[in-house]
Amino acid sequence: MARSALDEMSDSGAFVRTASTFRYSISRDPNSQFPPEAGRYHLYVSYACPWASRCLAYLKIKGLDKAISFTSVKPIWERTKETDEHMGWVFPTLHTEEPGAEPDPLNGGKSIRELYEIASTNYTGKYTVPVLWDKKFKTIVNNESSEIIRMLNTEFNDIAENPALDLYPSDLRAQIDEVNEWIYSGINNGVYKCGFAKKQGPYDEAVKQLYQALDKCEEILAKQRYLCGNKLTEADIRLFVTLIRFDEVYAVHFKCNKKLLREYPNLFNYTKDIYQIPGMSSTVNMQHIKRHYYGSHPSINPFGIIPSGPDIDYSAPHDRARFSA
């Protein structure tokens, strides 16, 4: 049966995210089935999805957007097949239909679901983005964003325009892994645990963990420019994609309204700092973000009304340069 994130509920009414399925690796190993070749791979994303957006961010800041092409789907979920009721990511039929979204250039697919069905005839999981597609074998290499960003960080350096940028340096890996763990649980996935909870108890627990984690970030960022010191790392990109959506979507739609991002001076300026990294702003399409969340979850927002604000200017000045690089 076709499923989406809205179906991932425990008996207690808590949201429980299932693991990704396609876990192959692109590697410089001479024996690799998937070597890093320019023009061979394609990234399917949604500007609305934070997991897909962090992959797109890597594509841009590593200078890989000429070597690896990408396509974004439409922001609002639609029926993916006539034969069932599944709602999910779909492609526009025309280039002019949806600014920022494009038809599937490789397979002529109508939905992301079709890509999964091409790659596996008996697939039963969710039809998620990102999808890292191999044009040569016409299959999905990987659909786990945390693994895709690691590949983009190291395996394509021979063809990257910014190969010197290492967002997972060996001397910081243990620290990055530790930070990633509590930020994923409390914040990245935490906002979803708040928003998709169907009972008060799981919501109360999730919102408590969310704000404990945000408070911890605020404290760290009072002393240094980034999460793991004064050097940009993977942990920052992973946190940023949630923060940029916080006041515009999560505060309202997912009931994360105890405190806004704008009420955290360090976190708010930090978000502006990362947004202003060359290439990053092009990965943020707030129209797609707002239209997706408010328009794709009828159990949360049955009339699909999109709030008008707050229209934050993340290109405004910030104070993060006070920390030495």
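Below, each value reflects all heavy atoms present in this structure, side chains not excepted, and no hydrogens, waters or symmetry copies. Note that this is a predicted model, so its numbers are computed, not measured.
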Check: Do the side-chain N and O atoms of D177 and Y168 include a donor-acceptor pair separated by under 3.5 angstrom?
Finding: yes
Check: Step by step, would you call H253 with Y294 a ring-ring contact (aromatic ring centres under 6.0 Å, His included)?
Finding: CA-CA 7 Å; H253 190 59; Y294 292 114; 5.1 Å; yes
Item checked: Side-chain (R245) to main-chain (V241) donor-acceptor, under 3.5 angstrom -> yes
Notebook entry, point to check: Does a donor on one side chain and an acceptor on the other come within less than 3.5 Å for N142 and E147?
Noted result: yes
Margin query: Does either side chain, that of N153 or that of E234, offer a donor lying less than 3.5 Å from an acceptor on the other one?
Written below: no
Item checked: Close side-chain approach of V129 and S72, heavy atoms under 4.5 Å -> no
Margin query: Hydrogens and angles aside, do T271 and D273 bring a side-chain donor and acceptor to less than 3.5 Å of each other?
Written below: no
Check: Are the side chain of D236 and the backbone N or O of T233 linked by a donor-acceptor pair below 3.5 Å?
Finding: yes
Next item on the list: Assess whether ring-ring contact (aromatic ring centres under 6.0 Å, His included) is satisfied between W89 and H292, documenting all intermediate values.
Entry: CA-CA 10 Å; W89 303 112; H292 166 67; 4.6 Å; yes
What side-chain donor-acceptor pairs closer than 3.5 Å can you find for residues 303-312, not counting sequence neighbours?
none

Notebook entry, point to check: Pick from I244, L267, T242, L214: which one makes a side-chain contact (heavy atoms from CB on, under 4.5 Å) with L261?
Noted result: L267
Next item on the list: Would you please classify the geometry between the F240 ring and the Y275 ring as parallel, tilted or perpendicular, with 30° and 60° separating the classes?
Entry: tilted
Check: Is there side-chain contact between F91 and T71, with heavy atoms separated by less than 4.5 Å?
Finding: yes
Check: Any sub-3.5 Å donor-acceptor pair from E155's side-chain atoms to R28's backbone N or O?
Finding: yes
Checklist line | side-chain hydrogen bond (donor to acceptor under 3.5 Å, both in side chains) contacts touching residues 277-289 (sequence neighbours left out) | finding: none
Notebook entry, point to check: Going by heavy atoms in the side chains, are T139 and Y24 under 4.5 Å from each other?
Noted result: no
Margin query: Does the plane of the ring in Y184 sit parallel, tilted or perpendicular to the ring in W51? Use 30° and 60° as the thresholds.
Written below: tilted
Notebook entry, point to check: Hey, does the side chain of Y44 reach the backbone of V73 with a donor-acceptor pair shorter than 3.5 angstrom?
Noted result: no
Notebook entry, point to check: Is there a donor-acceptor contact under 3.5 Å from the side chain of E205 to the main chain of K208?
Noted result: no
Check: Between N107 (side chain) and G109 (backbone), is there a donor-acceptor pair under 3.5 Å?
Finding: no
Item checked: Proximity of F323 and Y226 rings by center, below 6.0 Å -> no
Notebook entry, point to check: Does K62 reach the side chain of N157, with side-chain heavy atoms less than 4.5 Å apart?
Noted result: yes
Item checked: Partner set under salt bridge (Lys or Arg N to Asp or Glu O under 4.0 Å) for E78, not counting sequence neighbours -> K74
Margin query: Between S111 and R79, is the side chain to side chain donor-acceptor pair (under 3.5 Å) condition met? List the steps.
Written below: CA-CA 9 Å; S111 68; R79 287 270 298 275; over 6 Å; no
Item checked: Qualifying residues under side chain to side chain contact (heavy atoms under 4.5 Å, CB included), relative to D29, sequence neighbours excluded -> S27, N31, S32
Notebook entry, point to check: So, Y250 and N257: side-chain donor and acceptor under 3.5 Å apart, yes or no?
Noted result: no
Check: What do you reckon, is CD of E263 surrounded by more than 12 foreign heavy atoms closer than 6.0 Å?
Finding: yes
Item checked: K66 NZ: over 12 foreign heavy atoms closer than 6.0 Å -> no
Next item on the list: Compare all side-chain heavy atoms of F268 with those of D247 and state whether any distance is below 4.5 angstrom.
Entry: no
Check: Relative to the ring of Y293, is the ring of Y192 parallel (under 30°), tilted (30 to 60°) or perpendicular (over 60°)?
Finding: tilted
Check: Does a sphere of radius 6.0 Å around NZ in K110 hold more than 12 heavy atoms from other residues, nucleotides or ligands, not counting ones at 6.0 Å or beyond?
Finding: no
Item checked: Donor-acceptor under 3.5 Å (T80 side chain, M87 main chain) -> no
Notebook entry, point to check: Is the distance between the ring centroids of H297 and F196 less than 6.0 Å?
Noted result: yes
Check: Distance only, no hydrogens: is a donor on one side chain within 3.5 Å (strictly under) of an acceptor on the other, for Y116 and N143?
Finding: yes
Next item on the list: For the residue pair L56 and D65, establish whether any side-chain heavy-atom pair is separated by less than 4.5 Å.
Entry: no
Checklist line | Check: Y264/D215 side-chain N/O donor and acceptor closer than 3.5 Å | finding: yes
Notebook entry, point to check: Can you tell me if S185 and E181 form a side-chain donor-acceptor pair at under 3.5 Å?
Noted result: no
Item checked: Contacts of K216 that satisfy side chain to side chain contact (heavy atoms under 4.5 Å, CB included) - sequence neighbours left out -> W182, I220
Next item on the list: Could I get the full list of salt bridge (Lys or Arg N to Asp or Glu O under 4.0 Å) partners for K81, not counting sequence neighbours?
Entry: E117
